[in-house]
Amino acid sequence: MSEHITEIVVFTLLFLAVSGMGFVAARWRRPDNLASLDEWGLGGRKFGSWVTWFLVGGDLYTAYTFVAVPALLFGAGATGFFALPYTIVTYPLVFLVLIRLWSVAHVHGMVTPADFVRARFGSPTLALLIAITGLVATMPYIALQLVGIEAVLKTMGVTGDLPLIIAFAILAAYTYQSGLRAPALIAFVKDTLIYVVILVAIIYIPARLGGWESVFGAAKEKFEATPAPGDGYLLNAGNQLQYVTLALGSAMALFLYPHSVTGVLAARNRGVIKRNMAALPAYSLLLGLIALLGYMAIAAGIKPITANGKADANTVVPQLFDQMFPDWFAGVAYAAIGIGALVPAAIMSIAAANLFTRNVYKEFIKRDATDAQEAAVSKIASLVVKVGAVLVILLIDPQFSIDLQLIGGVIILQTLPSVALGLYTRWFHRAGLIAGWAAGMTAGMVMLYNIANPAINHAHFGGSAFPLAKLGLDTKITIYAGFLALLVNVVVAVAGTLIARAAKVADGRDATRPSEYFADEGDPRVHEVELSGSH
Amino acid sequence: MTTPPSEQDPARRDRSPWNWLLLVPIVIPLITPLYNADEPRLFGFPLFYWLQLAFIILGVATTTIVYRMGRKRSGR
């Protein structure tokens with residue numbers, strides 16, 4: 001531990017400075033009171049282009065991503081690079097969808113995706129299913145942020161659970177106090193640190209390793225020497241469809257996650273979102289370069305830290321920094337990863353708390369809850385969510401969270417017909433959507449259950465690449481399980497809608513109007529319209 | 001009830017022929033035969049890696065054009 005003392009000091013100082021900012025954030029653009037979900041959970045819905053860029057960027061490109069994506073390239077090669085097309089495709093894909101969501105949410109004061117489904121399809125049941133799906137998909141994601149911090153602490157030789165618990169307790173305290181303003185303010189520091197570290201890393205490290213030629217050369221050599229069929233320095237005939245469907249499926253899933261929606265709804269107007277869709281790919285460039293750290297680790301001969309006989313691939317990047325950088329700069333790099341975990345963890349816990357408050361508490365427990373009661377419930381729920389995440393990581397093998405997050409991507413996709421298609425059409429019947437959701441979830445689970453991965457000793461839930469051979473096709477081609485499950489979902493939703501219409505099953509009332517999907521800043525909200533109408 | 005201003009203003013739509021441009025950065029990065037090769041290299045990067053990084057520029061350019069053109073059309 002003593003050889004890491006400089007790193008630990010730098011890491012701790014930066015971590016504490018940022019935590020201080022988290023508490024001060026409550027006073028940033030302070031409203032009269034923070035006691036409503038609009039203020040606590042969405043930062044007053046007033047963030048401009050820059051704040052939104054840092055906030056959403058810090059939200060989507062998490063510490064776990066920065067640690068896990070290079071680990072994927074380190075282990076399997078080209079298939080891990082799917083994260084790049086994924087984050088290129090996602091913005092043009094959702095460009096027009098998100099502004100519709102922002103508008104209708106602005107008019108109706110919606111906070112969560114389930115709020116929208118509730119209003120659009122008039123079905124508390126469907127809204128509850130969407131909310132639960134969001135909660136289940138988000139929880140392991142929060143837990144995984146801890147894995148990012150843990151990887152850094154491990155490399156610095158810090159052992160035991162206490163540092164992790166302290167880090168999350170600080171996070172919980174300032175999120176409780178400042179709400180979404182805390183991660184928004186911290187995101188500035190986090191992203192600046194990450195940009196600096198990565199710029200230095202991609203110039204300095206390859207130079208020390210003999211240039212990019214030798215970095216890629218080492219990767220090529222490694223994968224040509226391994227017998228595994230799925231890896232390689234380029235894609236092969238079997239995994240190209242998986243690469244494409246995983247990138248597209250993940251791109252479609254990204255903005256269905258409740259925490260992404262939280263970041264988007266906190267924007268001031270439609271222009272902020274459009275500008276961000278054009279500017280957020282700057283982070284994709286960062287991600288693509290970070291991914292290549294995995295190959296640099298191969299070239300540098302890095303071996304992941306082994307604990308209890310299991311190699312932890314997530315320690316590859318911290319190990320690389322430790323070996324390549326002077327101690328003080330390695331400390332800065334670790335702080336970037338550690339702080340990088342705090343921003344998304346805060347936003348995710350706020351999003352999960354809002355889901356609980358709006359779509360469970362207010363819908364089923366206390367219908368006449370005031371704004372202040374909603375905020376109070378959300379604040380406590382955000383604490384519960386974080387305690388849960390810490391317990392899951394400490395008590396259960398982190399591999400469990402990684403598996404759950406894999407499942408999370410597949411299940412969040414099953415909300416696409418209700419949320420994304422719902423923004424465009426009211427054609428679907430609520431019964432059809434519920435049936436489609438159930439079918440998609442079942443199909444996704446069955447497929448994931450049947451994916452084995454000998455590399456991590458999993459007979460089931462071993463990955464997301466589903467071999468088409470299991471459907472009786474004579475081929476080695478694999479496809480992203482979530483993508484196939486979504487197809488099942490849509491087909492059943494269409495069939496279910498036709499059947500429900502034919503059987504004249506009662507449909508829900510649509511509380512939204514076509515013009516509300518184009519509303520912008522300054523347009524009256526529904527309750528304001530009603531107030532002015534009653535006088 | 002007052003009528004929301006958006007209903008009095010038919011120009012307020014998201015429709016624009018420029019929106020079709022968004023399909024380009026969605027489709028191109030998903031065609032693996034375009035980039036699944038080692039040569040030609042750029043600064044030591046195999047095609048697979050540098051071309052996919054270059055698609056970022058494609059994405060930024062098209063979304064920026066769609067944003068600008070959409071703003072022009074609606075006069076805002």
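For clarity, every value in this text was computed on a predicted model and none was experimentally measured. Proteins get letters first, then strands, A, B, ... in listed order; numbering begins at 1 in each.
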Shortest non-hydrogen separation from [X] to [Y] and the atoms involved:
X         : Y         : result
Pro29(B)  : Pro85(A)  : O-CB, 4.0 Å
Val244(A) : Leu30(B)  : CG2-O, 3.2 Å
Thr63(B)  : Ala278(A) : OG1-CA, 3.8 Å
Gly288(A) : Leu53(B)  : CA-CD2, 4.0 Å

Interface residue of largest heavy-atom contact number with chain A, from Ala37(B), Pro33(B), Pro46(B), under 4.5 Å: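 With the most close heavy-atom pairs to chain A, the winner is Pro46(B).
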Is there a side-chain contact between [X] and [Y] (heavy atoms, below 4.5 Å)?
X         : Y         : result
Phe48(B)  : Leu235(A) : yes
Lys220(A) : Asp38(B)  : yes
Ile56(B)  : Leu84(A)  : yes
Arg41(B)  : Phe216(A) : yes

Please flag which part of [X] lies under 4.5 Å from any non-hydrogen atom of chain B: side chain, backbone, both or neither.
X         : value
Tyr233(A) : both
Tyr283(A) : neither
Ile99(A)  : side chain
Leu292(A) : side chain
Ala78(A)  : both

query: Among side-chain atoms of Tyr243(A) and Asn36(B), is any donor-acceptor pair under 3.5 angstrom?
result: no
query: Is chain A contacted by the side chain of Phe43(B), its backbone, both, or neither, given a heavy-atom distance below 4.5 Å?
result: backbone
field: Which atoms of Ala61(B) approach chain A - backbone, side chain, both or neither, heavy atom under 4.5 Å
entry: neither
To the nearest 0.5 Å, how far apart are [atom1] in [X] and [atom2] in [Y]?
X         : Y         : atom1 : atom2 : result
Arg275(A) : Tyr67(B)  : CZ    : OH    : 3.5 Å
Thr32(B)  : Leu234(A) : OG1   : CG    : 11.0 Å
Ile26(B)  : Met252(A) : CD1   : CE    : 10.5 Å
Leu21(B)  : Phe95(A)  : CG    : CZ    : 11.0 Å

query: Aromatic rings Phe81(A) and Tyr49(B): how do their planes relate, parallel, tilted or perpendicular, breaks at 30° and 60°?
result: perpendicular
